[in-house]
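Here's the structure, in structure tokens; my notes come after.
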Amino acid sequence: MPHAWPSDRRLLTAALVVWAAVAAIGVAFSPPLGHDEAAFAIAARGDVPAGGWLYRSEGTVVLAGLGVALGAADWQLRIASAALSIALVIAAFAVGRAAFTARAGAWAAALVAGAHPMALRSAQLLSDLPAAACLLGGIAVLVGELDRPTRLAAPRGARDAGAEAGSEIGHGAGPDAGRGVGRDAGPRWRLVAAAPLLAAAFYLRYGSAPVIALALGAAGLIWWRAVAARPLRALATVAALAALMVPHLAHAHAVTGSALGILEVSAAMPRRAYVGEGLVTYVASNPFAFYGVLIAPVIVAGLVGLVRARRRAPWYLAIVALGQLVALGLQSHGQPRYVFVATILLAVLGVDAIAPLARPRLAAAIIAASWLHVVIGQVVVSREAAHSRAPIVEAARAIRGDAGGRPCAAVALLAPQLAWYSGCEVYVFRLQAVMPADRVRYIASFTRRPIDPAPLLAAQHLRATPIATGDPDARVWRLE
């Protein structure tokens, strides 16, 4: 019953409205900043600690700088990233439309809007969502342009079963495969639009670099005939991306002595207990909690559906998605936000795979339930974050009041957050931590991150005076 399906435009519009509502709730509640949020805010304020934070992406620091310029309140710091996060829904739609149909893109966008690992981060001052949106946008351009010979050679309504001329992997069937049909086939000059999108993904998150390389390399291999048919357009795309990388490479050479120095620092930052820890997490975690209640089964359907996929586009999405999971999984520990690109690409595959089995009214009801879940969940999560981070704010307020505007330094196990709210230079607690003697010095201990000040006092021959915080979960001492 085709008439029972909501139109693609209405579905996409509804997904955008839901995402915007969830982001607006997050901005409105705005709990105190988290660890990484506070680090970006500090970098934007110019209070970078000794040694620098070279691995903090410049693009996200710029977003934080907009919030600082507005007044530096928690909600102001999150406005720019919340607004940009809406692009993730649009990017999911664009990938689905480029690889399959507008309907597949609309349903993929609807899934993303109801995916709690993504939607509940929509108002956070982090690089993950904006960077993923840009990277997916670039992938959508690559697929949309390089797959044009396949789509133009296909009869109307042709599906994956091999009906598309020139669509079979490794076969190149059809007289026009690789060289297109007529003057209008093959990648157009709009292929170059992928370059600024991929560059933006890099500047927002340096960890996007491996996926960008994988996306370009896989596209060149899978659609090598299309690339060979329009080599100048492909070369112009690569050249434009290279040109956009020059400012970063020059900056990296200036501060590290190597054009790849910042990338080397960034690659060394993620913690891991062993090689492949993240990959184990991505495979063995509860998929409903890790990827999303609806997205998890859709991903499985997409992977199963690859068995019968004969077109290049589905395989391209799978290669990039699985490549990201493996590359990041080997390098660092696993978190859902690290693999949003892979999650959405596999979800797009799944949407196309289950489309023949879906029931319009049931699908719409399930999607609507997921939307309601994230709207309510954002309220709950924001309140919980505000409660858990309140001791940090209270400790910072006590330190700031006691310091009375004098330069200060502190040791704690929640360094970026305490540094942001107190205005002090904060060191991660250790016995050898030496704070400048010309500053007022403090120790901050929290129920979640407790510190026993006695060993530090004994090691450095200091005495501590308790400072009232008004919060039983926060304790502060002034050192003398």
Side-chain angles (χ1 to χ4, degrees), residues 55 57 88 91-92 95 99 108 112 115 117-118 127-129 131-140 142-143 169-170 194 198 201-202 204-224 260 263-292 295-307 309 312-350 352-353:
Y55 58 91
S57 53
L88 189 72
V95 171
V112 168
M118 302 179 200
S127 60
D128 308 284
L129 293 174
C134 293
L135 189 43
L136 288 167
I139 289 172
L142 292 175
V143 174
I169 298 296
L198 296 176
F202 173 80
L204 285 165
R205 181 176 177 81
Y206 296 145
S208 301
V211 191
I212 292 171
L214 177 62
L216 291 173
L221 290 174
I222 290 177
W223 286 292
W224 66 271
L260 301 179
L263 287 179
E264 292 170 353
V265 171
S266 300
M269 287 307 300
R271 62 172 178 81
R272 66 182 182 193
Y274 53 88
V275 175
E277 177 192 1
L279 191 58
V280 172
T281 301
Y282 297 140
V283 174
S285 296
N286 179 342
F288 300 101
F290 201 86
Y291 299 104
I295 283 186
V298 171
I299 285 176
V300 174
L303 291 173
V304 172
L306 280 174
V307 175
R312 290 174 170 84
W315 283 100
Y316 174 72
L317 300 188
I319 289 170
V320 176
L322 297 177
Q324 183 186 42
L325 290 171
V326 172
L328 297 186
L330 292 175
Q331 178 66 22
S332 70
H333 64 288
Q335 287 194 32
R337 65 190 181 98
Y338 293 169
V339 290
F340 282 160
V341 170
T343 301
I344 293 174
L345 292 179
L346 294 177
V348 169
L349 286 176
D352 181 72

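Atom set for the values below is all heavy atoms of this structure, side chains included, hydrogens, waters and symmetry mates excluded.
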Roughly how far apart are [X] [atom1] and [Y] [atom2], rounded to 0.5 Å?
X: His333; Y: Leu328; atom1: NE2; atom2: CG; answer: 11.0 Å
X: Leu142; Y: Trp223; atom1: CG; atom2: CH2; answer: 8.0 Å
X: Leu214; Y: Ile139; atom1: CG; atom2: CD1; answer: 8.5 Å
X: Leu322; Y: Leu306; atom1: CG; atom2: CG; answer: 8.0 Å
X: Leu345; Y: Tyr316; atom1: CG; atom2: OH; answer: 8.5 Å
X: Arg205; Y: Leu129; atom1: CZ; atom2: CG; answer: 10.5 Å

*Side chain Ser285, main chain Phe290, donor-acceptor under 3.5 Å*: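 Not a single qualifying donor-acceptor pair exists.
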*asked:* I'd like to know if the side chain of Tyr291 reaches the main chain of Tyr282, judged simply by a donor and an acceptor atom lying under 3.5 Å from each other, with no hydrogens or angles considered.
replied: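 Yes, because the side chain of Tyr291 sits within donor-acceptor range (under 3.5 Å) of the backbone of Tyr282.
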*Show your reasoning for whether side chain to side chain contact (heavy atoms under 4.5 Å, CB included) applies to Asp352 and Val348.*
CA-CA 7 Å; Asp352 181 72; Val348 169; over 6 Å; no
Taking the side chain as everything from C-beta on, heavy atoms only, tell me whether [X] gets closer than 4.5 Å to [Y].
X: Val112; Y: Thr343; result: no
X: Leu216; Y: Ile212; result: yes
X: Ile295; Y: Leu346; result: no
X: Ile344; Y: Val95; result: no
X: Leu349; Y: Leu303; result: no

*asked:* Ile319 vs Ile222, test: side chain to side chain contact (heavy atoms under 4.5 Å, CB included). Steps then yes/no.
replied: CA-CA 10 Å; Ile319 289 170; Ile222 290 177; 3.7 Å; yes
Determine the minimum heavy-atom distance between [X] and [Y], stating which atoms define it.
X: Ala347; Y: Val298; answer: O-CG1, 3.4 Å
X: Gly137; Y: Ala91; answer: N-CB, 4.1 Å
X: Ala353; Y: Ala301; answer: CB-O, 3.6 Å
X: Ala131; Y: Ala201; answer: O-CB, 3.5 Å
X: Val143; Y: Ala313; answer: CG1-CB, 4.1 Å
X: Leu325; Y: Leu279; answer: O-CD1, 3.8 Å

*Applying side chain to side chain contact (heavy atoms under 4.5 Å, CB included), name anything that partners Ala296, two or more places apart in sequence or on another chain.*
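Expected list: Pro287, Phe288.
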